[in-house]
Amino acid sequence: MTIRLYDTSARQIRDFTPLVPGCVSIYLCGATVQAAPHIGHIRSGLNFDIMRRWFEHRGYDVTFIRNVTDIDDKIIKKGAEQNRPWWSIGYDNERAFTAGYDALGCIPPTYEPRATGHVPEMIEMMRGLIERGHAYEADGSVYFDVRSYADYLKLSNQELDNLFQPAEEGITGKRDPRDFAMWKATKPGEPDWETPWGRGRPGWHLECSAMAHKYLGSAFDIHGGGLDLIFPHHENEIAQAKAFGDEFASYWVHNAWVTMAGEKMSKSLGNSVLVSEMVKNWRPIVLRYYLGTPHYRSMIEYSEEALREAESAFARIEGFVQRVVEKAGGVVEPAAEVPPAFADAMDDDFGVPQALAIVHTTVRQGNSALAADDKEAAVARLAEVRAMLGVLGLDPLDPHWAGEADRGEDLHGAVDTLVRLVLDQRESARARKDWATADAIRDQLQQSGLVIEDSPTGPRWSLGPR
């Protein structure tokens with residue numbers, strides 16, 4: 001058993017060999033909390049949640065760090081625009097991110113450190129870099145000297161002579177325009193902290209290097225994030241950490257974006273779809289299916305049509321689960337192991353689409369067993385399906401998703417009473433062999449969004465795809 005994953009730094013799929021046998025250490029760049037999350041933000045959390053679940057299924061002890069950037073130019077600007085403290089902007093949005101992760105079934109990280117809680121660690125790293133000749137102070141700010149680190153830009157495969165760092169407002173005193181700020185000198189009305197070089201606040205890149213060092217040590221297994229973070233953020237993290245003396249990450253794993261009309265979903269483009277609004281219109285488990293089942297390195301082009309297709313596909317899985325539970329007369333526990341073909345797919349760079357195909361194949365086999373009244377085979381297939389869905393975080397019988405049914409229980413009861421009255425009329429028509437009326441009633445129910453299924457115990461209904 002060997003898990004293989006695509007390493008951005010090597011530009012190829014590599015066998016995974018942990019630094020510590022039986023353990024996996026992961027650092028994921030989390031939220032910058034200047035606004036509430038859209039589904040593009042949450043996709044990253046979902047992808048790495050599935051990765052974590054698979055490592056744990058394979059028997060690894062996983063330490064998973066996902067940071068919160070709670071100090072940032074945009075957070076400060078929004079506080080000024082709304083006449084609110086900068087920290088209240090960050091805290092409200094941090095809670096919105098947590099709610100989004102929770103709604104879509106992400107396991108909480110081992111630790112979720114905030115940048116503002118780790119200024120001492122940042123000062124220690126800057127001091128070490130200055131002493132080693134990799135950083136310098138100018139006008140109260142501290143900059144990293146990119147020419148001092150020979151391997152700068154190896155991750156993003158760029159040439160230094162062609163490089164322009166993203167502009168940073170108010171930055172002065174750089175020796176080279178390509179140097180980047182690790183610490184920004186204080187400005188009137190902005191938050192600041194005391195350092196040996198004067199008061200100021202952290203730069204974005206320094207935060208993650210310092211927090212990864214604190215929680216995972218000088219070397220760890222996997223560093224993750226979105227494709228857009230490769231440069232400048234991850235490139236600058238590597239420069240700081242390795243120049244400081246850390247080995248840093250062994251593997252770099254990046255997830256692709258959620259796009260709209262071919263553009264990356266982002267707040268600045270005004271095309272974001274907030275998680276808090278999406279969960280009002282779509283079941284969270286369906287959103288998880290939609291965002292989590294494409295391959296993590298594949299772009300997702302957002303559309304309601306694609307969401308409806310995901311809803312319909314998951315409904316087929318969920319319907320099978322419900323039918324077997326009814327047939328078995330109780331809960332069927334997940335199998336201890338997933339089918340070998342599912343494991344092979346997940347071991348191969350977390351190939352969720354191929355793994356999901358095994359889920360649907362097993363569901364079809366289970367439905368065939370139900371049609372043949374083979375209870376034992378149907379129960380065995382459900383045990384396999386639950387094991388696979390558990391890895392993907394999509395098991396409808398998991399206690400996390402129980403609340404979905406509870407929220408609509410009262411409405412379901414009222415609708416059930418009304419539908420039963422109509423179904424009784426249909427049964428009466430069938431009893432007198434008035435097939436036209438029976439079919440018309442069924443068609444009208446289906447047009448209303450209900451699926452009618454005739455079973456040995458009588459007709460039953462369920463919500464169909466939108």
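The side chain to side chain donor-acceptor pair (under 3.5 Å) analysis of residues 98-112, with sequence neighbours excluded, yields the pairs Arg66-Glu112.
When only modelled atom types and interatomic distance are considered, Asn255 and Ser44 share a side-chain donor-acceptor pair under 3.5 Å.
With sequence neighbours left out, the salt bridge (charged side-chain N to carboxylate O under 4.0 Å, His left out) criterion links Glu124 to no other residue. Scored by the side-chain contact (heavy atoms from CB on, under 4.5 Å) test, Asn162 finds Glu159 as partners (sequence neighbours excluded). Qualifying side-chain contact (heavy atoms from CB on, under 4.5 Å) partners for Glu309, counting only residues two or more places apart in sequence or in other chains: Glu305. Taking the ring-ring contact (aromatic ring centres under 6.0 Å, His included) definition, one finds that His213 meets it with Phe244, sequence neighbours left out. Remark: Arg199 pairs with Thr186, Asp192, Glu194 by the side-chain contact (heavy atoms from CB on, under 4.5 Å) rule, at least two apart or across chains. With sequence neighbours excluded, no residue forms a side-chain contact (heavy atoms from CB on, under 4.5 Å) with Ala380. Checked against ring-ring contact (aromatic ring centres under 6.0 Å, His included), His295 has no partners two or more places apart in sequence or in another chain. The ring-ring contact (aromatic ring centres under 6.0 Å, His included) search around Tyr289 returns Phe314, not counting sequence neighbours. Applying the ring-ring contact (aromatic ring centres under 6.0 Å, His included) criterion to Phe64, with sequence neighbours excluded, gives no partner residue.
Within a 6.0 Å sphere centred on CZ of Arg4, heavy atoms belonging to other residues, nucleotides or ligands number more than 12.
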Show the atom names and distances, to 0.1 Å, of all donor-acceptor pairs under 3.5 Å that link a side chain in residues 339-359 to residues at least two apart or in another chain.
{"unit_1": "Asp347", "atom_1": "OD1", "unit_2": "Trp54", "atom_2": "NE1", "d": "2.9"}
{"unit_1": "Asp347", "atom_1": "OD1", "unit_2": "Arg58", "atom_2": "NE", "d": "3.3"}
{"unit_1": "Asp347", "atom_1": "OD2", "unit_2": "Arg58", "atom_2": "NH2", "d": "2.6"}
{"unit_1": "Asp349", "atom_1": "OD1", "unit_2": "Tyr6", "atom_2": "N", "d": "2.9"}
{"unit_1": "Asp349", "atom_1": "OD1", "unit_2": "Tyr296", "atom_2": "OH", "d": "2.5"}
{"unit_1": "Asp349", "atom_1": "OD2", "unit_2": "Tyr296", "atom_2": "OH", "d": "3.4"}
{"unit_1": "Asp349", "atom_1": "OD2", "unit_2": "Arg297", "atom_2": "NE", "d": "3.0"}
{"unit_1": "Asp349", "atom_1": "OD2", "unit_2": "Arg297", "atom_2": "NH2", "d": "2.8"}

Side-chain donor-acceptor contacts of residues 222-233 below 3.5 Å, not counting sequence neighbours, with atom names and distances?
{"unit_1": "His223", "atom_1": "NE2", "unit_2": "Glu237", "atom_2": "OE1", "d": "2.8"}
{"unit_1": "His223", "atom_1": "NE2", "unit_2": "Glu237", "atom_2": "OE2", "d": "3.4"}
{"unit_1": "Asp228", "atom_1": "OD1", "unit_2": "Trp257", "atom_2": "NE1", "d": "3.4"}
{"unit_1": "Asp228", "atom_1": "OD2", "unit_2": "Lys264", "atom_2": "NZ", "d": "2.8"}
{"unit_1": "His233", "atom_1": "ND1", "unit_2": "His205", "atom_2": "ND1", "d": "3.1"}
{"unit_1": "His233", "atom_1": "NE2", "unit_2": "Glu237", "atom_2": "OE2", "d": "3.1"}

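Ring centers of Phe248 and Phe220: under 6.0 Å apart, within the cut-off.
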